[in-house]
Amino acid sequence: MSLPPIDLAVFHTNGFVRKQCRVTDLWFWTTDAERTTCGDTSEDEYTFIGKPLIDGFNQRGKALKDAMRASFLGFFEARGHTIIEPYPVLARWRDDIHLTIASIADFQPHVTSGEVEPPANPLAVSQPCIRLTDVDAVGRSGRHLTTFEMMAHHVFNRPDEGLEIYWMETCVEHCHRMLTETFGIPSSEITYVENPWCGGGNAGAAVEVIVGGLELATLVFMDMEEHPDGDVELKGDRYRTMPLQIIDTGYGLERFCWAAAGTPTIYEAIYPETVAWLKDLSGFQEVATKWPDLDLDLLLGEMSRLNGIMNIEAGVDGEKLVSLFLQRLEDRGVKVSSEQFTAITEPLANIYAIPDHMHALCNMLGDGLVPSNAKAGYLARMLARRVLRMRDDLSLSVSISELAEHHLDVNLGGHLNKQHRKGLLEILNLEEERYAEMLRKGVQVIQTQLKGLSSEVETIPDEDLFTLNDSHGLAPDMVIALARKAGWSSVALRTGFSAEMAERHARMAKAAAKDSVVGSPKFQLGEVGSTKLAYYENVYARELEANVVACREAGDEGPSEASWVVVLDQTLFYPEGGGQEGDRGHLVSGEATITVLDTQKQGPFVLHFTNAPVEAGSSVTCVLDWHRRKQLMDHHTAVHIVGGAARRLLGPHIFQAGSHLSEESGRLDITHFHRLTREDLDALEDMANEVLSTVSNTEKSELNRKDADLIHGFDLYQGGAPKGDTIRILKIAEHDTQACGGTHHDEPGQIGSIRVVRSTAVQDGVERLHIVAGDAAMAYARSQDELIRASAEVFGVHQDDLPKAASRFFKEWKEQRKTIEHLESEIVRLRTTGGSDASTTVDGVRMVVMAIDGDLKSMTTMLKELTLDVNQPTVAVLGSPDGGGKLMIGITEATVAAERYNAVDLLRSIAHHIKGGGGGRSTFAQGGGSEPEGLGAALDAARSILGG
RNA sequence: GGGCGCUUAGCUCAGUUGGAAGAGCGUCUGGUUUGCAACCAGAAGGCCGGGGGUUCAAAUCCCCCAGCGUCCA
């Protein structure tokens, strides 16, 4: 079955009637008896352009957004909603998405699954979001944005527990009253469209709120989850009702602003100063006055109305769209040529897109993101490069950091969440340098790639364009521009190529998604309760009595030496997790001692992988491998301390990108935009060791997730998004606070000392710190000393003289190698010029057949000497027992010798004597074999063929 | 996370079907010039990223690893 009609009292009391749209077939509610479309179709133009539908907002830009947001939040606060602070645009609490794409993303997956309490209920928020899926349409469609604020009111109902705050009726009533009373929108301009929503495994009824042809909001009533036995079917999947019933709304702040401003595009409503500034900088007015006959205002006005009904999405073919636009404009009495249209809309699209992209970029970097060539960092780089390209297309003489400064001051009120202004500008300057570098290399790459192509060609082969784009970052239109400059003056981009490339990328992405389906086998342990994690109570306990709950064969799980798995009612063994390796040790039962080879966590159990079984129900003593545990704790706590130092010394963008703690060393990956120098590492090391001596205690606590977020923010989740409602927190004074389930020292001083050994690059934007602490630091220092001692001994010098000695020896070694080469060539010269007994002359051609001792290199040098002189035509055959036997034949080029003899044929006819083959040019052939004993026979054969 | 490309002299990069490691710039020496970001002659400077394989022979072909770059999730 499908969903029932959404038939609410609020519709009837306000004079709405239910109709079916003749274009989309969707059911909708309207007060307009004449209306036959739902409002959001290809026949519904924007009605608010030049005639604002929302009264009382005369501001523009940031002030307009601020006022609009305050009105929205105020409305819901007055109706019992708690206003919460927006979340970061980087979704650090989630591992499935990089960016916050909707307000509901704040509460996924923990709150929406029912595992974690919402921060307030009901609540209202204005959540900055970033969506990059439509990035190509930004600036062109008049309405698309990569970054926007989703204003929302959320309700989390649990009807099975008697918690029902409100549902459809109240929700729609709130919405309607706000639109009509707070914003003064006439009822006749509003349509409510019934359009069920599904996504991410959930679904529910939904109402789209259309005002003046623009979708201003969506109200989703999410009360179903995907299930094969569900009795509701939506878009091919089956759903059933779930216990948690959520109201998920989304009101587009920028669209409200647009409807209040009535500007030709949304960009003029929210970024007016920037649009004006860029128009000025780019000399846009000059373009406009180029054709005095053209009524620019009329054109732009008609265009923005058309934008409302033309479906401009990513991937739409550019040329087709232009011709369609021209046709529609002509229908409306606006005569414009394709050339004029492009000359006006292209720069305008860039002028509109730049502030949008800068807004997304500032928000992302402001949250501490570091640009990179992978993951979330790549998204920032992509935006930065788009801005730089648009800037170049517009011939603007501003740097991206100047654009950022303008944006920060004008559109963000100077506010960044985490990153400092200086850090933001430095990052962007680096990105601009990288971009310039890419372009510089691009010129070279294009020349190499197109070398075989005639300068007359009109198109570049598709494959070359794909390669240049995918491997070298050169977009097709850039390639064309650069190729024209480089001499291929008549090349142009083939019609439809860009669309084809997008299609090809989509296919590749689809294929990749198909391959990444994985499943891992899991233990079946049945219902045996859970393991109490006694190591949290006292991290220094080394022994503990416990009862054996279960004991099974290990099968394929765990280390290969482990044959059994033991589950205890409580344990001291820390299971592998959070980058920290599992504990090891022994289980003692009476006389018997078995070895714990590894420990892992599975659900509520700790699995002890052992070399022998123990009887279920018996009691055992856990005996920890204490040295290992101490070392793991040293490294783990040290990693937190070094991470905190990095954040304080290098900046707020430092975030943990991964870590690994073993007995021997610790490894910490941090996000940073520069390679680290030894001086940086020394500073980290100094600060880390200072913490050891100045901070007496670490604070460990457990917090409810909701409170943890509230008190500490999202920097807590350095180690990734934790699961569950309860979060363990480790706080090292004011130095570092993180959610971490590892084992840590109570007193930092117990670590002894910390060394940051070196740093390596993991990927662009991620730096790996190698750390040793405690006894491992001592062991490391000793091994370093030993390296130096042993090396000094080899040279026979004092340790202090080691660098000097090494460089001297290396220099001498190179010099001597050179000398040997010279001497060798001297020997060759002597042997070949002395009128050797190995040479005879046949009809004016000198025949040299010689056996020598030497490698390939000296043979070739010798051959070169022999056959260089055109006044002495020579056929030279050299043989050496080197390797499996080598033969080499040279013939003086451009002489009678070369006319009469072929080196390759000659070689082939004698090479079989050493069981080999060979080849080369007709005047120079070389070969080898596997039987050096046959060398004499081969040379004899050569003599007889040559008649020498 | 996936695809693709790159790694050769101090720097920027060529290197064709596997067969003698190259160019330009820079450096050094000598010459020339009132002078040089000029010209002429010459020289030095290379584990062709690392490891394995195929082959008589690998900078070149195949596999693995690393780093860099790039496009897409």
Side-chain angles (χ1 to χ4, degrees), chain A residues 95-99 132-133 135 372-376 378-379 381-382 385 434-435 437-445 447-449 451-452 463-476 501-518 675 760-765 768 810 813-815 817-818 821-822 825 855-868 878-880 882-890 893 903-904 907-908 910-932 934-935 938:
Chain A
D95 49 18
D96 53 343
I97 51 173
H98 295 306
L99 300 169
L132 297 178
T133 43
V135 69
S372 164
N373 55 9
K375 301 187 179 176
Y378 171 70
L379 302 175
R381 176 159 295 164
M382 181 195 74
R385 293 202 166 167
R434 280 176 173 277
Y435 173 77
E437 179 69 9
M438 191 186 79
L439 281 187
R440 194 189 59 72
K441 288 200 165 157
V443 177
Q444 190 80 35
V445 169
Q447 290 195 344
T448 309
Q449 189 95 8
K451 202 161 45 182
E463 277 312 310
D464 284 336
L465 285 175
F466 286 136
T467 307
L468 287 167
N469 182 77
D470 287 8
S471 306
H472 300 102
L474 299 165
M501 193 167 78
E503 219 171 89
R504 178 180 151 128
H505 283 149
R507 269 203 310 277
M508 279 162 61
K510 215 172 179 181
K514 227 178 196 173
D515 292 342
S516 65
V517 182
V518 282
R675 293 304 316 269
T760 51
V762 179
Q763 58 167 261
D764 189 35
R768 175 165 293 169
F810 186 63
W813 170 76
K814 279 174 113 173
E815 281 167 4
R817 206 179 53 172
K818 271 290 169 226
E821 267 178 34
H822 280 128
S825 62
D855 58 9
L856 222 61
K857 190 161 183 167
S858 60
M859 285 172 82
T860 51
T861 317
M862 202 171 206
L863 213 57
K864 192 178 166 188
E865 285 284 341
L866 282 165
T867 60
L868 204 61
L878 300 183
S880 162
D882 185 55
K886 296 269 182 288
L887 287 169
M888 205 172 280
I889 299 173
E893 285 184 41
V904 177
L907 180 77
R908 294 232 165 101
I910 63 172
H912 64 272
H913 290 288
I914 55 168
K915 284 207 167 166
R921 301 191 305 270
S922 64
T923 56
F924 187 91
Q926 53 187 292
S930 50
E931 261 186 24
L935 200 63

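Atom set for the values below is all heavy atoms of this structure, side chains included, hydrogens, waters and symmetry mates excluded.
Y378(A) comes within 4.0 angstrom of a base, heavy atoms only. As judged by a 4.0 angstrom heavy-atom cut-off over every strand, N469(A) is placed among residues touching the sugar-phosphate backbone only.
H505(A) places its NE2 atom 12 Å from the C1' atom of rG2(B), with the value rounded to the nearest Å. Q763(A) has its CD atom 13 Å from the P atom of rA66(B), to the nearest Å. Put simply, CZ on R675(A) is 11 Å from C1' on rC68(B), counting in whole angstrom units. When the P atom of rU70(B) is taken as reference, atom CD of Q449(A) falls 17 Å away, rounded to whole Å. Regarding N373(A), its CG atom lies at a distance of 17 Å from the P atom of rG5(B), rounded to whole Å. Distance CZ (F466(A)) to C1' (rU70(B)): 16 Å, rounded to an integer number of Å. rC72(B) atom C1' lies 11 Å from atom NE2 of H98(A), rounded to whole Å. The CG-P distance, from L132(A) to rC71(B), rounds to 14 Å in whole Å.
Remark: the separation of the P atoms in rC62(B) and rU7(B) is 14 Å, to the nearest Å. Separation of the P atoms belonging to rC13(B) and rA20(B) is 26 Å when rounded to the nearest angstrom. Using P as the reference atom, rC11(B) and rG50(B) are 15 Å apart when rounded to the nearest Å. With both ends at atom C1', the span from rG18(B) to rU60(B) equals 6 Å, rounded to whole Å. Distance check on atom P: rC61(B) versus rU8(B) gives 16 Å, rounded to whole Å. Spacing of P atoms, rA41(B) relative to rG24(B), comes out at 11 Å, to the nearest Å. Straight-line distance between the P atoms of rG19(B) and rA57(B): roughly 15 Å, to the nearest whole Å. Between the P atoms of rG31(B) and rA23(B), the separation comes to 25 Å (whole Å).
At a threshold of 4.5 Å between non-hydrogen side-chain atoms, the residues M382(A) and L132(A) count as touching. Side-chain contact check for R434(A) versus R385(A): some heavy-atom pair is nearer than 4.5 Å. With contacts defined as side-chain heavy-atom distances shorter than 4.5 Å, the pair L465(A)/M501(A) does not qualify. For the pair L887(A)/Q926(A), no side-chain contact is recorded, criterion being any heavy-atom separation below 4.5 Å from C-beta on. Residues Y435(A) and R381(A) have side chains not in contact (no heavy-atom distance under 4.5 Å, counting atoms from C-beta outward).
RNA chain B is contacted by both R908(A) and V762(A); R908(A) maps to the nucleotide lying nearer its 5′ end (nearest heavy atom per residue). Residue T467(A) is the one, among D764(A) and T467(A), whose nearest nucleotide of RNA chain B lies closer to the 5' end (criterion: closest heavy atom).
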Chi angles and distances behind the salt bridge (Lys or Arg N to Asp or Glu O under 4.0 Å) call for D764(A), K375(A): CA-CA 11 Å; D764(A) 189 35; K375(A) 301 187 179 176; over 6 Å; no
Determine, step by step, whether L935(A) and H913(A) satisfy the side-chain contact (heavy atoms from CB on, under 4.5 Å) criterion, reporting the C-alpha distance in whole Å, the side-chain angles of both residues, the deciding distance to 0.1 Å, and the verdict. CA-CA 7 Å; L935(A) 200 63; H913(A) 290 288; over 6 Å; no
Please lay out, stage by stage, how D470(A) and H505(A) fare under the test side-chain contact (heavy atoms from CB on, under 4.5 Å). CA-CA 9 Å; D470(A) 287 8; H505(A) 283 149; 2.8 Å; yes
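The distance from atom CD of Q444(A) to atom CD of Q449(A), rounded to the nearest 0.5 Å, is 12.5 Å. In this structure, CG on L474(A) lies 11.0 Å from OG1 on T467(A), to the nearest 0.5 angstrom.
Between I914(A) and K886(A), the shortest heavy-atom distance links the atoms CD1-N, 4.5 Å. The two residues P476(A) and N469(A) come nearest to each other via the heavy atoms CD-OD1, 3.8 Å. In plain terms, the two heavy atoms of A761(A) and R675(A) that are nearest each other are N-NH2, 3.5 Å.
Salt bridge E437(A)/R440(A): present, at least one basic N to carboxylate O contact under 4.0 Å.
Side-chain proximity of M382(A) to the nucleotides rC72(B), rC71(B), rG1(B) is greatest for rC72(B). In this structure, of rC68(B), rU70(B), rC72(B), it is rC68(B) that holds the atom nearest to the side chain of A761(A). In this structure, the nucleotide among rG1(B), rG3(B), rU70(B) sitting nearest to the side chain of D470(A) is rG3(B). The side chain of K375(A) approaches rG1(B) more closely than any other nucleotide in the set rC72(B), rG1(B), rG69(B).
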Across nucleotides 6-14 of chain B, 5' to 3', mark each nucleotide with B, S or - according to how protein heavy atoms within less than 4.0 Å reach it. ------SSS
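Using a 4.0 Å cut-off, no side-chain N or O of R507(A) falls inside it from OP1 or OP2 of rC72(B). Put simply, R381(A) has a side-chain N or O that comes within less than 4.0 Å of OP1 or OP2 on rU70(B).
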Kindly give the atom pairs (protein nitrogen or oxygen, nucleotide nitrogen or oxygen) under 3.5 Å for nucleotides 50-57 of chain B.
residue, atom, partner, partner atom, Å
rC56(B), O4', G928(A), O, 3.1
rC56(B), O2, G928(A), N, 3.1

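Helical stems of RNA chain B (runs of at least 3 Watson-Crick or G-U pairs, donor-acceptor distances under 3.5 Å) are listed by first residue: B:1-7 with B:66-72, B:10-13 with B:22-25, B:27-31 with B:39-43, B:49-53 with B:61-65.
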